[in-house]
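One structure is given below, encoded as structure tokens.
Heads up: numbering here begins at 1 and tracks the sequence. The analysis underlying the following values was restricted to heavy atoms, covering all of them including side chains, and did not include hydrogens, waters or symmetry mates.
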Amino acid sequence: MTREEAQSRMTALCSTAEHCESDVRERLQRAALDSADIDAVVGFLYDNDFLNTSRYCMAFAHDKLRFARWGRLKIEQALRLKRLPKSDIRAALDALPEEEYAEALDAAVSQKLRSTASVNNVHERRNKLLRFIVGRGFTVDEALQAIASQLTENDY
């Protein structure tokens with residue numbers, strides 16, 4: 001693949017959905033482009049606003065909260081793995097709607113409450129709930145508050 005072909009393909013890719021630099025670089029490396037061509041294509045994409053790290057972080061965080069129901073910790077970890085600037089990650093996490101975040105947390109607790117209804121041991125059930133919620137990327141404090149608010153005397 002030539003640099004012009006790669007540039008054309010990456011322009012088309014980035015115009016349909018948000019992508020980050022690491023994703024684009026990975027695709028170009030798989031296409032066997034040399035590093036100078038990869039740098040030129042990535043530079044072109046940034047110069048023409050096809051790549052924008054803050055816009056990507058915002059879209060990624062919003063989508064993961066809305067569709068995957070991830071918490072801030074898991075979203076942050078995923079964005080850091082993509083080697084994005086900490087300032088853009090922080091801005092995206094701060095921009096998440098609190099109401100939608102609380103709904104995602106409550107939905108995760110409700111989902112796991114139903115699937116652990118047969119567990120008779122109170123501590124075991126609470127631990128399963130806590131591990132599940134923390135695994136979704138919510139903090140331990142958020143998980144404990146959500147669990148306490150949804151568990152009733154009948155649940156014990």
Side-chain angles (χ1 to χ4, degrees), residues 9-31 33 35 38-39 41-43 45-46 49-156:
R9 286 185 185 183
M10 292 302 108
T11 301
L13 177 76
C14 292
S15 66
T16 59
E18 292 296 333
H19 292 277
C20 66
E21 181 179 337
S22 62
D23 293 342
V24 170
R25 284 186 179 277
E26 184 180 311
R27 284 176 181 262
L28 293 173
Q29 286 169 347
R30 279 187 281 160
L33 239 61
S35 61
I38 291 174
D39 291 341
V41 171
V42 168
L45 294 173
Y46 273 119
D49 206 32
F50 287 103
L51 284 180
N52 183 313
T53 58
S54 65
R55 192 175 63 213
Y56 176 80
C57 287
M58 291 284 190
F60 183 91
H62 187 261
D63 287 352
K64 290 301 179 187
L65 174 63
R66 175 168 283 167
F67 301 115
R69 302 283 187 175
W70 285 4
R72 284 187 180 95
L73 296 177
K74 193 166 185 173
I75 294 170
E76 181 179 10
Q77 180 183 20
L79 288 170
R80 283 186 180 199
L81 286 173
K82 293 180 178 286
R83 298 179 299 275
L84 294 164
K86 289 180 182 179
S87 59
D88 290 341
I89 294 171
R90 179 60 31 214
L93 294 174
D94 290 344
L96 292 175
E98 285 301 321
E99 185 176 298
E100 201 170 326
Y101 189 80
E103 287 173 10
L105 176 59
D106 288 342
V109 172
S110 296
Q111 174 188 351
K112 195 62 176 177
L113 268 174
R114 286 189 301 276
S115 70
T116 60
S118 63
V119 177
N120 292 329
N121 185 321
V122 176
H123 297 298
E124 184 181 342
R125 186 174 193 203
R126 187 178 167 115
N127 285 339
K128 283 182 182 241
L129 285 165
L130 185 60
R131 278 194 308 271
F132 179 77
I133 303 305
V134 169
R136 283 280 178 98
F138 296 96
T139 66
V140 173
D141 290 338
E142 291 169 339
L144 289 173
Q145 286 178 343
I147 291 168
S149 71
Q150 289 197 27
L151 283 179
T152 64
E153 289 297 318
N154 297 336
D155 292 320
Y156 288 106

Handout entry: Criterion side-chain contact (heavy atoms from CB on, under 4.5 Å) against Arg69, the qualifying member of Glu103, Lys64, Gln111
Key = Glu103
Completion exercise
Closest heavy-atom pair, Ile147 versus Val109, reported as atoms and distance to 0.1 Å, is CA-CG1, 4.3 Å
Exercise for the section: Output the distance between atom CG (Leu65) and atom NZ (Lys74), rounded to the nearest 0.5 Å. Expected result: 13.0 Å
Problem - Side-chain donor/acceptor of Glu18 to backbone N/O of Arg55, under 3.5 Å - result: no
Exercise for the section: Using a strict cut-off of less than 4.0 Å between a Lys/Arg side-chain nitrogen and an Asp/Glu carboxylate oxygen, indicate whether Asp39 and Arg25 qualify as a salt bridge. Expected result: yes
Problem - Rounded distance [0.5 Å steps], CG in Asn120 versus CZ in Arg125 - result: 9.5 Å
Practice task
Using a 4.5 Å cut-off on heavy atoms from C-beta on, say whether the side chain of His62 contacts that of Arg66.
Solution key: yes
Completion exercise
In this structure, CG of Leu79 is separated from OG1 of Thr53 (nearest 0.5 Å) by 10.5 Å
Practice task
State, with a plain yes or no, whether a side-chain heavy atom of Tyr56 is found less than 4.5 Å away from one of Leu51.
Solution key: no
Practice task
Check whether any side-chain heavy atom of Leu144 lies under 4.5 Å from a side-chain heavy atom of Arg126, and answer yes or no.
Solution key: yes
Exercise for the section: Determine the minimum heavy-atom distance between Cys20 and Lys82, stating which atoms define it. Expected result: SG-CD, 3.8 Å
Practice task
Measure the shortest side-chain to side-chain distance between Arg30 and Arg27 over non-hydrogen atoms and say whether it is less than 4.5 angstrom.
Solution key: yes
Fill in the blank from the handout: So CZ of Arg72 and CD of Glu142: to nearest 0.5 Å the spacing works out to 6.5 Å
Problem - Member of Ile75, Asn52, Ile89 meeting the side-chain contact (heavy atoms from CB on, under 4.5 Å) criterion with Cys57 - result: Ile89
Completion exercise
d(Leu96 CG, Trp70 CH2) to nearest 0.5 Å is 12.5 Å
Practice task
Go through the side-chain N and O atoms of Glu21 and Tyr46 and say whether any donor and acceptor fall under 3.5 Å apart.
Solution key: yes
Completion exercise
So CG of Asp23 and CG of Leu28: to nearest 0.5 Å the spacing works out to 11.0 Å
